[in-house]
*Asks:* 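Sharing a structure below in structure tokens format, with a few things to ask.
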Amino acid sequence: MQTNLAIAVLAAAIVAAGCTTTQETSQPSSTATAPATLTGEEIKALVAGNTVEGMNSDGYYFKGYNSPDGKISASSEKGGKVYTSGGTWEIQGNTTCAKWTNPDWRSVCATYAKNGEGYYIKTTSRSIPSIPSAKVVPGNPHNL
């Protein structure tokens with residue numbers, strides 16, 4: 001369960017940069033043209049020094065601060081329980097990847113695509129939940 005939480009955190013985290021928080025969980029519309037996936041440079045510009053947050057597809061609310069020096073601090077919560085981890089993030093090709101210090105959180109990579117006013121963060125592992133509607137918030141407003 002914490003593994004899913006870690007994945008959610010990465011996806012952002014990574015992933016752990018932009019607007020306000022939302023908890024929408026809608027997938028990109030299948031009838032609309034699929035949004036273009038961001039490049040690695042675009043993802044880095046978006047998330048470095050900012051916080052990524054949103055509800056993952058397993059119902060965990062993830063918040064991850066991606067420091068410009070490649071460190072990440074994140075929390076994931078569900079049902080009143082909060083899980084946390086630190087780690088590192090980096091860009092690999094057109095994905096952002098996070099490695100966690102919490103042994104219950106698995107390392108994960110994810111792509112970003114524009115989704116309305118937010119971003120669809122899709123993990124590259126089928127066993128790790130994606131974040132269908134993430135927001136990027138300037139800085140580290142949650143002191144992660």
Side-chain angles (χ1 to χ4, degrees), residues 1-67 70-138 140-142 144:
M1 192 157 41
Q2 287 187 358
T3 296
N4 289 338
L5 183 52
I7 300 305
V9 174
L10 165 63
I14 282 182
V15 43
C19 302
T20 60
T21 302
T22 184
Q23 291 187 4
E24 295 178 329
T25 59
S26 62
Q27 296 284 340
S29 171
S30 60
T31 59
T33 302
T37 300
L38 276 61
T39 66
E41 287 183 22
E42 291 170 325
I43 296 170
K44 184 174 183 178
L46 178 68
V47 303
N50 294 304
T51 299
V52 175
E53 56 185 90
M55 183 79 66
N56 79 4
S57 53
D58 279 354
Y60 286 87
Y61 194 78
F62 168 85
K63 298 179 221 173
Y65 172 68
N66 301 282
S67 70
K71 294 179 183 166
I72 187 170
S73 300
S75 71
S76 187
E77 55 188 278
K78 181 177 181 180
K81 293 185 179 181
V82 178
Y83 307 91
T84 62
S85 187
T88 59
W89 72 276
E90 66 180 350
I91 300 297
Q92 292 181 5
N94 290 331
T95 65
T96 181
C97 299
K99 293 181 182 176
W100 303 103
T101 56
N102 184 329
D104 292 329
W105 290 25
R106 290 185 301 165
S107 298
V108 64
C109 295
T111 60
Y112 278 62
K114 190 74 174 135
N115 182 17
E117 293 185 25
Y119 297 89
Y120 178 50
I121 302 173
K122 183 174 178 18
T123 63
T124 58
S125 170
R126 290 182 186 202
S127 65
I128 298 173
S130 296
I131 300 178
S133 187
K135 295 292 180 182
V136 181
V137 181
N140 186 8
H142 307 290
L144 297 169

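Computed from a predicted model, the values in this text were never measured in an experiment.
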*Asks:* Are the side chains of Pro138 and Asn50 in touch, meaning some heavy atoms are under 4.5 Å apart?
*Replies:* yes
*Asks:* For a quick test of reading the model, state the closest non-hydrogen atom pair linking Thr88 to Ile72 and the distance between them.
*Replies:* N-CG2, 3.6 Å
*Asks:* So which atom in Tyr65 and which in Leu144 form the shortest heavy-atom distance, rounded to 0.1 Å?
*Replies:* N-CD1, 3.6 Å
*Asks:* Which pair of heavy atoms, one from Asn56 and one from Pro129, lies closest together, and at what distance?
*Replies:* ND2-CG, 3.2 Å
*Asks:* If you apply the rule side-chain contact (heavy atoms from CB on, under 4.5 Å), what do you find for Tyr119 with Val52, and how did you get there?
*Replies:* CA-CA 10 Å; Tyr119 297 89; Val52 175; over 6 Å; no
*Asks:* Might you point out which heavy atoms bring Cys109 and Gln92 nearest each other, and give the distance in Å?
*Replies:* SG-OE1, 4.1 Å
*Asks:* Nearest 0.5 Å please: distance from the OG atom of Ser107 over to the CH2 atom of Trp100.
*Replies:* 9.0 Å
*Asks:* Over all heavy atoms of both residues, which pair between Cys97 and Thr95 is shortest? Give the atoms and the distance, please.
*Replies:* SG-OG1, 3.6 Å
*Asks:* Just verifying a value: how many Å separate Arg106 CZ and Lys99 NZ, rounded to the nearest 0.5 Å?
*Replies:* 15.0 Å
*Asks:* Let me know which of His142, Lys135, Lys63 forms a side chain to side chain donor-acceptor pair (under 3.5 Å) with Glu53.
*Replies:* His142
*Asks:* Can you tell me how far apart OG1 (Thr39) and CG (Asn94) are? Round to the nearest 0.5 Å.
*Replies:* 6.0 Å
*Asks:* When rounded to the nearest 0.5 angstrom, what is the spacing between OH in Tyr60 and OH in Tyr83?
*Replies:* 5.0 Å
*Asks:* Could you verify whether a donor N or O on one side chain and an acceptor N or O on the other, from Thr123 and Ser125, lie under 3.5 Å apart?
*Replies:* no
*Asks:* Look up atom CH2 in Trp89 and atom NZ in Lys44, then write down how far apart they are to the nearest 0.5 Å.
*Replies:* 6.0 Å
*Asks:* For the CG atom of Asn115 and the CD1 atom of Ile131, what is their distance to the nearest 0.5 Å?
*Replies:* 12.0 Å
